[in-house]
Amino acid sequence: MPIKGKYGNLQHQDLPSPDTVITVFNPSDDSKKIDIDAIFDTAAVMTCLPEKKIKQLGGLNYSSVNVRGVNDTTVERTTYFVNIRLGDESFSNIEVIATPKSYGLIGRDILNQNKVMFDGQEKRWIYQCPGSCDTSS
């Protein structure tokens, strides 16, 4: 079933972007969960989540990865394994990058698993887009 949403101003007040709320779970204990505001980011290879919020889930397996930023600098970031729910779609044991931002970035690791439509003129999006992504309904 398609998941639909509108653009918001989570990232920048003057530049609306496709955003939503995702629920993030501790894979070892589904009762430990947190809702996180996030934007869809087709430039992000991996999903990125606020480190402060991830740590609230407690007891997560972690690792590290070198990340190259926009200005071509490389930094080491902590990664965590979490479960994520976006609408009725679930992603298990997905590795996410911890960031200092206050919101998350839904990366291509999630986006590439379904057909997605971003309609900038109408400021709306559809995940699990059926057929030709008809937005008339």
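The shown structure was predicted, so the numbers you read here are calculated from the model rather than taken from an experiment.
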Closest approach of A38 to L10 (non-hydrogen atoms, all atoms of both residues): N-CD2, 3.6 Å

Which heavy-atom pair separates F25 from D30 by the least distance, and what is that distance? CD2-O, 3.4 Å

For residues V96 and I54, determine if any side-chain heavy atom of one lies less than 4.5 Å from a side-chain heavy atom of the other. yes

Residue pair F91 / L86, side-chain heavy-atom distance below 4.5 Å: yes

Can you see which heavy atom on A98 is nearest to which on R77, and at what distance? O-CD, 3.5 Å

Beyond-backbone contact of Y80 with K55, side-chain heavy atoms, under 4.5 angstrom: yes

Would you mind reporting whether E51 and P100 have side-chain heavy atoms less than 4.5 Å apart? no

With a 4.5 Å cut-off on side-chain heavy atoms, are L60 and N26 touching? yes

Per the side-chain contact (heavy atoms from CB on, under 4.5 Å) rule, which among N66, N71, D72 passes with R68? D72

Step-by-step side-chain contact (heavy atoms from CB on, under 4.5 Å) determination, I110 to N112: CA-CA 6 Å; I110 289 178; N112 288 350; over 6 Å; no

CD1 on I39 to OH on Y7, rounded to 0.5 Å: 10.5 Å

Applying side-chain contact (heavy atoms from CB on, under 4.5 Å) to K101 and C48, what does each step give before you reach the verdict? CA-CA 9 Å; K101 294 184 181 295; C48 303; over 6 Å; no

Does F40 have its ring centroid less than 6.0 Å away from the ring centroid of W125? yes

Decide yes or no for T99 and L49: does some side-chain heavy atom of the first lie under 4.5 Å from some side-chain heavy atom of the second? no

Could you state the interatomic distance from CZ (F81) to CG (N83), rounded to the nearest 0.5 Å? 11.5 Å

Are L105 and V116 joined in one hydrophobic group, where the rule is that I, L, V, M, F, W and Y side chains link up if heavy atoms are under 4.5 Å apart? no

Can you tell me how far apart CZ (F118) and CD1 (I126) are? Round to the nearest 0.5 Å. 11.0 Å

Which one of I106, I36, T47, N93 satisfies the side-chain contact (heavy atoms from CB on, under 4.5 Å) criterion with I84? T47

Any side-chain heavy-atom pair from D88 and Q128 closer than 4.5 angstrom? yes

Roughly how far apart are M117 CE and R124 CZ, rounded to 0.5 Å? 6.5 Å

How long is the straight-line distance from CD of E95 back to CG of D109, given to the nearest 0.5 Å? 9.0 Å

Side-chain heavy atoms nearer than 4.5 Å, only ILVMFWY residues, links allowed to pass through others: does that put V65 and Y62 together? no

Minimal non-hydrogen separation, N114 against E89, with atom names: ND2-OE2, 3.4 Å

Using side-chain contact (heavy atoms from CB on, under 4.5 Å) as the criterion, point out the one residue from K4, Q113, K115 that pairs with Y127. Q113

Nearest atoms (heavy-atom pairs only) where I3 meets G87: CD1-CA, 3.9 Å

Linking I/L/V/M/F/W/Y whenever their side-chain heavy atoms sit closer than 4.5 Å, directly or via other members, would L111 and I94 fall into one cluster? yes

Between the CG atom in D41 and the OG atom in S17, the distance rounded to the nearest 0.5 Å is 9.0 Å

Determine whether D37 and D19 make a side-chain contact, defined as any pair of heavy atoms from C-beta on separated by less than 4.5 Å. no

